[in-house]
Amino acid sequence: MQHWEELANARDDGLAEGRTEGRVEEIITLITKKLKKNKSVETIADELEQDVDYVRYICDIAAKFAPEYTCEKILAEIMEEKS
């Protein structure tokens, strides 16, 4: 593989990872807004049209950062768990 191909692949991987983090951050933001309104996991999942287990996973992590629900800290913990 050529050096330029390696660089292009690394760039593409970085872009894909950034897009994924952005989507997760968006979901975290929406979920934490609803948690602050004391909505249940099931209600949040229904309103956001997301899987209940996925919402519960994020809510469990977010609970560690209540009542502020700092999105950056929640995202960092999720990304740390995935690595």
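Only heavy atoms go into these numbers, but all of them, side chains included; no hydrogens, no water, no symmetry mates.
You'll find the side chain of Asp46 stays beyond 4.5 Å of the side chain of Val52, heavy atoms only. For the pair Glu81 and Ile61, the minimum side-chain heavy-atom distance is below 4.5 Å. Side-chain contact between Tyr69 and Lys64 is absent, with no heavy-atom pair separated by less than 4.5 Å. Using a 4.5 Å heavy-atom threshold, the side chains of Cys71 and Thr32 count as separate.
Annotation: the span from Leu35 atom CG to Cys59 atom SG amounts to 4.0 Å, rounded to 0.5 Å. Taking CD from Glu21 and CZ from Arg23, the interatomic distance works out to 11.0 Å, rounded to the nearest 0.5 Å. Rounding to the nearest 0.5 angstrom, the gap separating the CG atom in Leu75 from the CD1 atom in Ile28 is 4.5 Å. A distance of 10.0 Å separates CG of Leu30 from CD1 of Ile58, quoted to the nearest 0.5 Å.
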Could you give me the CA-CA distance, side-chain angles and deciding distance for Leu48 and Lys34, then say whether side chain to side chain contact (heavy atoms under 4.5 Å, CB included) is met?
-> CA-CA 10 Å; Leu48 298 179; Lys34 292 178 182 295; 3.6 Å; yes
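Heavy atoms from other residues, nucleotides or ligands lying under 6.0 Å from NZ of Lys36 number more than 12. Within a 6.0 Å radius of CD in Glu80, other residues, nucleotides and ligands contribute 12 heavy atoms or fewer.
Shortest non-hydrogen contact noted between Lys39 and Ile44 is O-CD1, 3.7 Å. Summarising the geometry of Val55 relative to Gln50, their closest heavy-atom pair is CG2-CB, 3.7 Å, with the distance given to 0.1 Å.
Side chain of Thr29 to main chain of Glu25: a donor-acceptor pair is present (N/O by atom type, distance under 3.5 Å, no hydrogens or angles).
Residues meeting the side chain to side chain contact (heavy atoms under 4.5 Å, CB included) test with Lys73, sequence neighbours left out: Phe65, Thr70.
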